[in-house]
Protein chains: 2
Amino acid sequence: MKTVYERADIVPLLAEIFRELGYEGTTLSRITERTGIGKGSLYHFFPGGKEEMAAAVLADVDVWFERAVYEPLRRDDAAAAIDAMWANVMDYFRSGRRICLVGAFALDETRERFSPAIRDYFVRWIEALRRALVRAGCGEAAALAAAEEAVSGIQGALVLSRALDDTDMFRRTLDRLAGRLAAAQPGR
Amino acid sequence: MKTVYERADIVPLLAEIFRELGYEGTTLSRITERTGIGKGSLYHFFPGGKEEMAAAVLADVDVWFERAVYEPLRRDDAAAAIDAMWANVMDYFRSGRRICLVGAFALDETRERFSPAIRDYFVRWIEALRRALVRAGCGEAAALAAAEEAVSGIQGALVLSRALDDTDMFRRTLDRLAGRLAAAQPGR
DNA sequence: TCTGCATTGTACTGATCGGTACAATTCGCA
DNA sequence: TGCGAATTGTACCGATCAGTACAATGCAGA
């Protein structure tokens, strides 16, 4: 028996494993164990090994956020895009049961391997949100502060809701953050 | 030549290593490499190996927060203790250059090993802060929300300031969080 | 100074790590 | 159907992993 994969099918599987085990905790044998994909396939699609796998996952995450969050924030009606952002974030992180891989990589020495990608992810999120807030009538300084607060607040909610194993606290915190962002937009 | 250590001297060294490398990324050889402490000593003081070392570090962290933060929040004048908390947190996390080990452990599967300690750390922090806010005249529901927001916000600031490699953003965020907490206390 | 115990350096174990090599298999296309 | 390229399973590599064993060393109290 021989199962045939495509690279695009493997990346999301790798993403979940890196999320749960972290970069150092993810080993090739545990990947095989959880997915059934052998070393032959893994090194065929990712000749650079574990580092290339993690890079591919980060790129995939980036594509998703670009399409589902950053782009709409830049393009669509500001208030609507911001509402959609909160809904998407809530779904994407599964009410706090799923963590942010980029945030997790930022915490330990894994950051050194991927620091441009990690930085970019957050810079672009904050910048897209900031500009949406400005378009919604928010002042420049207030918009930056509100955007930073929202993005930072999401990361904190992920850490805390996981530590407390409490998805309600994730929802509560996101609701509060959404309220603050709404309050920063004049006339909402 | 033979250097003699005490257990109490080793724990803080281990703490920094676990912080930087994470639980899985911390290996005995890297501990020896960074501290000069050999396996003989490590297994003499921590017969349970790496897991016992990490547990000892978590216990040490807990003691520090209990003494420097939770206790004063429960005992001292509420407003003064809260001010002291912000100053202590800023110092302890070195303006965002040092991460929260407990928060980092909460993110990946390491949580499963230490979940009671991780949960306790945050539960007690939030509860001590909540009660201080109530003593300061804050309503029950508002006090809980404000306490959660502060503790969660600190974790988010650690993630984001590290991702952006920006200590100023840590300071800015903590200032904003402190301001929100002050606003939650009537007559400040 | 001597003795007994705490502490440490070193050498070792079996398991697992990331990574390589390559033959066998399967697939797309003619 | 048959051929060449893409894909995969398996055996293997040296390095490193956590952990063990134990003799050598240093120290505190007699």
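So you know, we letter chains A, B, ... as the sequences are listed, proteins then strands, and number each from 1.
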S.K.: Find the distance R7(B):CZ to dT8(C):C1' and express it as a whole number of Å.
M.R.: 17 Å
S.K.: Taking salt bridge (Lys or Arg N to Asp or Glu O under 4.0 Å) as the test, write out the residues that go with E20(A), two or more places apart.
M.R.: R34(A)
S.K.: Residues in ring-ring contact (aromatic ring centres under 6.0 Å, His included) with Y121(A), at least two apart?
M.R.: F65(A), W125(A)
S.K.: Name all residues meeting the salt bridge (Lys or Arg N to Asp or Glu O under 4.0 Å) criterion together with E149(A); count only those two or more places apart in sequence or in a different chain, and write none if there are none.
M.R.: R180(A), R176(B), R180(B)
S.K.: Please state how far atom CD in E6(B) lies from atom P in dG26(D), giving the value in whole angstrom units.
M.R.: 18 Å
S.K.: Provide the full list of side-chain hydrogen bond (donor to acceptor under 3.5 Å, both in side chains) pairs with a residue in residues 65-83 of chain B, sequence neighbours left out, each pair given once.
M.R.: E66(B)-R74(B), E66(B)-R124(B), E71(B)-R75(B), D83(B)-R188(B)
S.K.: Name all pairs fulfilling the salt bridge (Lys or Arg N to Asp or Glu O under 4.0 Å) condition that reach into residues 47-60 of chain B, sequence neighbours left out, sorted by first residue then second.
M.R.: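 Checked against salt bridge (Lys or Arg N to Asp or Glu O under 4.0 Å) - neighbours excluded - the pairs reaching residues 47-60 of chain B are R7(B)-E52(B), E51(B)-R113(B).
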S.K.: Please give me every residue in residues 25-54 of chain B whose heavy atoms get under 4.0 Å of an atom in DNA chain D, ordered by residue number.
M.R.: T26(B), T27(B), L28(B), S29(B), K39(B), Y43(B), G49(B), K50(B)
S.K.: Kindly give the atom pairs (protein nitrogen or oxygen, nucleotide nitrogen or oxygen) under 3.5 Å for nucleotides 27-30 of chain C.
M.R.:
none

S.K.: Atom OH of Y5(B) and atom P of dC27(D): how far apart are they, to the nearest Å?
M.R.: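 Computing the Y5(B):OH to dC27(D):P distance gives 14 Å.
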S.K.: Who passes salt bridge (Lys or Arg N to Asp or Glu O under 4.0 Å) against E140(B), sequence neighbours left out?
M.R.: R130(B)
S.K.: Does any N or O in the side chain of Q185(A) come within less than 3.5 Å of the main-chain N or O of L181(A), such that one atom is a donor and the other an acceptor?
M.R.: yes
S.K.: Which residue pairs pass the salt bridge (Lys or Arg N to Asp or Glu O under 4.0 Å) test with at least one member in residues 84-94 of chain A, sequence neighbours excluded?
M.R.: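 For residues 84-94 of chain A, and leaving out neighbouring residues, there are no salt bridge (Lys or Arg N to Asp or Glu O under 4.0 Å) pairs at all.
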S.K.: Check nucleotides 1-5 of chain D for protein N or O atoms closer than 3.5 Å to its own N or O atoms and list the pairs.
M.R.:
none

S.K.: With sequence neighbours excluded, tell me which residues meet salt bridge (Lys or Arg N to Asp or Glu O under 4.0 Å) with D165(A).
M.R.: R111(B)
S.K.: List in chain and number order the residues that pass ring-ring contact (aromatic ring centres under 6.0 Å, His included) with F122(A), two or more places apart in sequence or in another chain; answer none if no residue qualifies.
M.R.: none
